[in-house]
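Heads up: the structure comes next, in structure tokens.
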Amino acid sequence: MMINFGYACLAPGVAGTQMRSCTMRTATAERLRDVIAHNLQALMRLVQYNKGNNIHLFRISSDLIPFGSSPINTLQWQEEFADTFEKIGNAIADAALRVSMHPGQYTVLNSPDADVVNRAIADLEYHEQVLHLLKTDSTSKIILHVGGAYGDKAAASERFCRNWGRLSDRVRSRIVLENDERFYSIAEVLNIAQRLGIPAVFDSLHHSINPPEENCSPADWIWQCAKTWNQSDGRQKIHYSQQSADRKPGAHSKTIYAEEFLQFYETVRDMDLDIMLEVKDKNLSAIKCGLIVSDSSCISRLEGEWAKYKYSVLERSPKAYQRIRELLKDKNEFPARQFYSILEQAIDEPIEKNNAVNALLHVWGYFKEVAQPDEKKRFFSALDRYKSGTAKVDSVKNQLLKLAQKYNERYILQSYYFL
DNA sequence: TGACGTCAAGATCCG
DNA sequence: CGGATCTTGACGTCA
């Protein structure tokens, strides 16, 4: 039995992995060509990053090809970039990475509006083309919601099943259905999924907001969903996320909080699962979850994470900074849960000026020998403006980021301090 | 007609 | 002019 963790689309803090886009107004063939080439390169770097960080589950952004299913995009991008796709596909296979895609809430297959349905079909075909060009098999899924209710959910579900017949075999072999937070509960999704003979994806946060009448535990529903996954679908997938404490219901938390997560994990740990985390800090939480459920990893993995977090901790809580340093001293231990517990508390604290200045000066330490006189002058004048309240801490940080880029300070560049 | 969610582009403002 | 901050875009449904 085994559980993998993955994240969606973006890896904040990882150089060269940002997606670009364009608006309809600026979507010339040339511009689109540029953006697609850039995004494919970013995807390649994401794949390599995942491989290097032992992450085996990843959602590819629907924005990979801007207007990928729109007549606005007149490029033959499938042919033009076929070789690039193939190279990335090889890297995906080499990394043993399972990729998926997830069209958003605006792809609605069960709409009563024929145009909306036609666009939804085109959009699903676009997602399939990407996965196909990457040479992935049918275990690379397209996650879809049922759609709207239109005041008559039974009729809307019927329409979904009818329009299902209009999709190509290739698309149908990839689609999996997910419960949403407003209309279709996991029970209703299971119903439709069973009828069409396709897998169901349990989403924990959607479920807590929109539970079915049947009173089963999340683990029971996950077990129900397990029966809809067969050999050609690959390992069962679920979505896990936590409610943001300070935002509206359904909003994802900024990180996966370890304690709450472990309570859930205990209920599914004996299953074979791929768990897609939906969370603001993306790859950071995927690494976190992998580490806190592992009881036999090397402390150097924690030290590597600490290197990236340390200045974000220092600018909030020098006390937590010291505690973690103490915690990581014993090289024979692997105190992942304690490490993340202290970290989470620190990251949720507000930034106070004295602590922030302390952290800024720590980072400045990397440049004080190499910086030019004018760079030094600029940094300290920005620091003074921050101290006196006429500038924000981010403007001082940006100066440090610029210096890190100019002098290629890798230790600083990889830090989450600048996010 | 605005809110919803997402994240980068685009626009504007400031020194 | 560069950097910081605000608004817009693109999608469909529902109140």
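For the numbers below, each heavy atom of this structure counts, side chains included, while hydrogens, waters and symmetry mates do not. Lettering follows sequence order; numbering is per chain, from 1.
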Margin query: Salt bridge check, A:R378 against A:E375: does any charged N sit closer than 4.0 Å to a carboxylate O?
Written below: no
Check: Parallel, tilted or perpendicular: which describes the rings of A:Y416 and A:Y309, with under 30° parallel and over 60° perpendicular?
Finding: perpendicular
Next item on the list: Under 4.0 Å from any atom of DNA chain C, heavy atoms only: list the residues of residues 385-401 of chain A that qualify, in numerical order.
Entry: A:K392, A:S395, A:N398
Checklist line | Spacing between A:F418 atom CZ and C:dA4 atom P, to the nearest angstrom | finding: 12 Å
Notebook entry, point to check: Rounded to the nearest Å, what distance is computed from the NE2 atom of residue A:H38 to the P atom of nucleotide B:dA8?
Noted result: 11 Å
Next item on the list: Among residues two or more places apart or on two chains, list those pairs meeting ring-ring contact (aromatic ring centres under 6.0 Å, His included) that have a residue in residues 126-156 of chain A.
Entry: A:W77-A:Y126, A:H102-A:H145, A:H145-A:H206
Notebook entry, point to check: Taking the inter-plane angle between the rings of A:Y321 and A:W306 on a 0 to 90° scale, is it parallel (under 30°), tilted (30 to 60°) or perpendicular (over 60°)?
Noted result: tilted
Note to self: Quick check: A:F261 with A:Y340 (ring centres under 6.0 Å apart)?
What the structure shows: no
Checklist line | Separation of B:dT6 P from A:D63 CG (nearest whole Å) | finding: 13 Å
Item checked: Rounded interatomic separation in angstrom, taking OH from A:Y184 and C1' from C:dG12 -> 14 Å
Next item on the list: Taking all heavy atoms of A:D281 and all of A:T255, pick out the closest pair and write down the distance.
Entry: OD2-OG1, 2.6 Å
Check: So, is A:R31 near the phosphate of B:dG10, with a side-chain N or O under 4.0 Å from OP1 or OP2?
Finding: yes
Margin query: Between A:E349 and A:K319, does any NZ, NE, NH1 or NH2 come within less than 4.0 Å of an OD or OE carboxylate oxygen?
Written below: no
Note to self: Nearest whole Å is fine: how far is B:dC7 P from A:L64 CG?
What the structure shows: 15 Å
For nucleotides 13-15 of chain C, print each protein N/O atom paired with a nucleotide N/O atom at under 3.5 Å, atom names and distance only.
| unit_1 | atom_1 | unit_2 | atom_2 | d |
| --- | --- | --- | --- | --- |
| C:dT13 | OP1 | A:S111 | OG | 2.9 |
| C:dT13 | OP1 | A:Y150 | OH | 2.3 |
| C:dC14 | OP1 | A:A149 | N | 2.8 |
| C:dC14 | OP1 | A:Y150 | N | 3.2 |

Item checked: Partner residues of A:R170 under the salt bridge (Lys or Arg N to Asp or Glu O under 4.0 Å) criterion, sequence neighbours left out -> A:E128
Notebook entry, point to check: Is it the case that more than 12 heavy atoms not belonging to A:E214 sit under 6.0 Å from its CD atom?
Noted result: yes
When you compare the protein's N or O atoms with those of nucleotides 6-11 of chain C, which come within less than 3.5 Å of each other, and at what distance?
| unit_1 | atom_1 | unit_2 | atom_2 | d |
| --- | --- | --- | --- | --- |
| C:dA10 | OP1 | A:M24 | N | 2.5 |

Check: Does the pair A:D169/A:R172 count as a salt bridge with the N-to-O cut at 4.0 Å?
Finding: yes
Item checked: Residues that A:F367 engages under ring-ring contact (aromatic ring centres under 6.0 Å, His included), provided they are two or more places apart -> none
Checklist line | Atom-to-atom span, CZ of A:R20 to P of B:dA8 - whole angstrom | finding: 12 Å
Checklist line | Contact under 4.0 Å: A:K248 side-chain N or O vs B:dA3 OP1/OP2 | finding: no
Check: Roughly how many Å is it from CZ in A:R247 to P in B:dG5, rounded to a whole number?
Finding: 8 Å
Notebook entry, point to check: Rounding to a whole Å, what distance do you find between A:M101:CE and B:dT6:P?
Noted result: 17 Å
